Chemist: 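The structure follows.
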Amino acid sequence: MYATYKFREMGYKIQSFEAGGGLGGVWYWNRYPGARVDLPSVDYSFSFSPEIEQEWTWSEQFAAQPELLEYINFVGKRLDLNKHFQFNTRVTRAEWDEARTLWVLKTDKGETWEAPYCIMATGPLSVPKDPEIQGLDRFKGDLYRAARWPHQEVRFEGKRVGVIGTGSTGIQIVQEVGKTAGELFVFQRTPSFTMPMRNVKLTPEYVAEVKRHYPGLREAARASAVGGLRPQSTRAFFSVTREQRQTLLEDAWKNGGLAMLGTFSDLLYNEEANAEVAEFVRGKIGEVVKDPVTAEALKPKDYPIFARRPCLDSSYYETYNQPNVHLVDLFKENILEITETGMRTDKGEYELDILILATGYDGLTGALTAFDVVGRGGKTVNQKWKEGAKGYLGLMMAGFPNLFTTTGPTGPAALANIIRISENDVDWIAELMVHMEQNGLATAEVTTEAEDGWMDIVSTLGKRSLLLKAKTWYLGANVKDKPLGLTLFTGGFAKYREYCAAAKQDGYRKALAFQPGKVERA
Ligand code: NAP
């Protein structure tokens, strides 16, 4: 949305494509019960328009999906963006025409479009992944995918409901559906750590204050490691006494949100520190969940806390104290198949009326490997990423001139506020376009050396991080045959911005190669 707006304001002719029936991306598709953002709404919103910042009023600290979508549509309408989008349209091929220095795009509507620049704003979490379980298409009940949720209300009263998946999505669904379902069976493989969200309604006084201070708040977010307003301490875990640590952890638990991660500086680097925090959270699970067997099964044990995306909940663990909610521990019993009437494991059968899949995404790279993106010399992104994603700043790829990815897989993507990253990336691309125009340049492409240099930085930083110690979508571990590895930039958003700024110095000469020529704006 920002790219469409920005490039239009610069005078370019824009054509945007969107597979969904409207604006919103993840918030258009994920209409499942309980869907809610896990960053403060005032932080998870565009900063490029001071007018919109003043005109829009968030009602909750962590907005639910309907409000997020309403905001997105408000922005779309306010900036008159919809007219640039062709909705319900999937791009099926994008190919670089070297002779004419144009990207040629084909869509599933049978159209061909040509443009000197192509921006892939395809998102890190846009290709949902079904579980590899036999018989999925045999189920005669109602099958729902969290990331393709129907637009009409689904009711669970008196129904036997199964949920597969206990990541952020599954957790949000379970705590909500558990309220009304006749019986709820949660099929859990790896338990997640989840912390209290402690969501609140925003008071008019708070909103007025935020609106008055938006410029400063945005600047603070841009200068932070997470691209947001969450405090990040410089205090190392073992630099304070055991009693102080306990007090700080209790405070973080009481304050809610992702406060705990920022309470100490080294939780993603120091294994011992991480282990103590993990034990603290396991203790909390034990305090809430009454049945000791269920409590034990809900405690994550074999990976560092925060190495999987931390989840926020409002009543997840409490939900398991309800008599209608049952945890099926897939470490103790194996799913054999989905049948016409439910789920069969090696311990028995679960009759279900509704089955919900919250089984995640082909994250980071999935959107660009799902169709042919063909660069110079006929080489596709799929071929380029055979051993894992490669790129420069998450923004460009060697071999793909004038093609840009926003929140790409070699930037901070999933590790910082995605709205701040998107704005940064679009601004960076826009400045490059201006540079090209001013200098009579038709194509820009990152050099192989600059790309390799960037991937070395990514890899060196990544090796220090505990993120490597959990099997997650961050690493591609959830998709069969996907190359395993951490290509995300783990150095923090502020540092990422420094690298983005450094790339511009010296007329981009250290990192990019250009071809002379003229790009027509319209
Ligand atoms: P996810 O974190 O990848 O979780 C997928 C879940 O499905 C995992 O528990 C996984 O278990 C399970 N699963 C997959 N295949 C399975 C199988 N065959 N049998 C049993 N279980 C299976 O996906 P997600 O929950 O959709 O979250 C993805 C990301 O979206 C999050 O990390 C977060 O960044 C974002 N998100 C954010 C919010 C929010 O803002 N509040 C909400 C939802 C999502 P294993 O781990 O054992 O494979």
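Note that the structure is predicted; figures quoted are calculated from it, not measured. Values below: every heavy atom of this structure, side chains too, minus hydrogens, waters and symmetry copies. Counting starts at 1 for both ligands and their atoms, following the listed order.
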Chemist: In the protein, which heavy atom is nearest to atom 45 (P) of ligand 1, and how far is it?
Modeler: T190 OG1, 3.4 Å
Chemist: Among all protein non-hydrogen atoms, which one is nearest to atom 18 (N) of ligand 1, and what is the separation to 0.1 Å?
Modeler: P131 CB, 3.4 Å
Chemist: Given R189, Q188, M197, which has its nearest heavy atom closest to atom 11 (O) of ligand 1?
Modeler: R189
Chemist: Tell me the protein heavy atom at minimum distance from atom 9 (O) of ligand 1, and give that distance in Å.
Modeler: T166 N, 3.0 Å
Chemist: Starting from atom 36 (N) of ligand 1, what is the nearest protein heavy atom, named by residue and atom, and what distance separates them?
Modeler: S168 CB, 3.8 Å
Chemist: Could you pull out all residues at least two apart from E183 that satisfy salt bridge (Lys or Arg N to Asp or Glu O under 4.0 Å)?
Modeler: none
Chemist: Which residue from T169, D313, I335, V479 reaches closest to atom 25 (O) of ligand 1 through any of its heavy atoms?
Modeler: T169
Chemist: Roughly how far, to the nearest 0.5 Å, is CG of L357 from OH of Y144?
Modeler: 12.0 Å
Chemist: Does E157 CD have over 12 foreign heavy atoms under 6.0 Å away?
Modeler: yes
Chemist: Numbering the atoms of ligand 1 from 1, which are under 4.0 Å from a heavy atom of R36?
Modeler: 39 (C), 40 (O), 41 (N)
Chemist: Report, as yes or no, whether the 6.0 Å neighbourhood of atom NZ on K284 holds more than 12 heavy atoms from other residues, nucleotides or ligands.
Modeler: yes
Chemist: Parallel, tilted or perpendicular: which fits the ring planes of F74 and W56, with parallel below 30° and perpendicular above 60°?
Modeler: tilted
Chemist: Non-hydrogen atoms of R308 versus ligand 1: any pair closer than 4.0 Å?
Modeler: yes
Chemist: R78 and S49: side-chain donor and acceptor closer than 3.5 Å?
Modeler: no
Chemist: Under 3.5 Å between some N or O of ligand 1 and some N or O of N478?
Modeler: no
Chemist: Does an N or O from K471, backbone or side chain, lie closer than 3.5 Å to an N or O of ligand 1?
Modeler: no
Chemist: Quick test: of every protein heavy atom, which one is nearest to atom 28 (C) of ligand 1, and how far off is it to 0.1 Å?
Modeler: W473 NE1, 3.7 Å
Chemist: Is the distance between the ring centroids of Y392 and Y499 less than 6.0 Å?
Modeler: no
Chemist: Could you list which atoms of ligand 1 come closer than 4.0 Å to a heavy atom of Y32?
Modeler: 42 (C), 43 (C)
Chemist: Is the distance between the ring centroids of Y361 and W473 under 6.0 Å?
Modeler: no
Chemist: Only pairs at least two apart or in different chains count here, so list each side-chain hydrogen bond (donor to acceptor under 3.5 Å, both in side chains) that has a residue in residues 128-139.
Modeler: D130-R145, R138-E337
Chemist: Going by the atom numbers of ligand 1, which of them fall below 4.0 Å from some non-hydrogen atom of L330?
Modeler: 20 (C)
Chemist: Does any N/O atom on D38 come nearer than 3.5 Å to any N/O atom on ligand 1?
Modeler: yes
Chemist: Only heavy atoms of L125, strictly under 4.0 Å: list the atoms of ligand 1 that pass.
Modeler: 29 (C), 30 (O), 34 (O), 35 (C)
Chemist: Which one of A477, G360, A147 has a non-hydrogen atom at the shortest distance from atom 1 (P) of ligand 1?
Modeler: G360
Chemist: Whether E67 and R36 form a salt bridge (side-chain N of Lys/Arg under 4.0 Å from carboxylate O of Asp/Glu) is what I want to check.
Modeler: no
Chemist: With only distance considered, is Y361 within less than 3.5 Å of ligand 1 through an N or O on each side?
Modeler: no
Chemist: How far is atom 2 (O) of ligand 1 from its nearest protein heavy atom, and which residue and atom name does that atom have?
Modeler: G167 CA, 3.8 Å
Chemist: Does K129, backbone or side chain, put an N or O under 3.5 Å from an N or O of ligand 1?
Modeler: no
Chemist: Can you see whether F156 has R160 sitting over its ring - NZ or CZ less than 6.0 Å from the centre and within 45° of the normal?
Modeler: no
Chemist: So, F489 versus F493, ring centres under 6.0 angstrom or not?
Modeler: no
Chemist: Using 4.0 Å as the upper bound for N to carboxylate O, is an ion pair formed by K159 and D142?
Modeler: no
Chemist: What do you reckon, does A358 put a non-hydrogen atom under 4.0 Å from ligand 1?
Modeler: yes
Chemist: Run the numbers for me: atoms of ligand 1, each under 4.0 Å from some heavy atom of I164, listed by number.
Modeler: 19 (N), 20 (C), 21 (N)
Chemist: Please state which protein non-hydrogen atom is closest to atom 12 (C) of ligand 1 and give its distance, to 0.1 Å?
Modeler: G165 CA, 3.6 Å
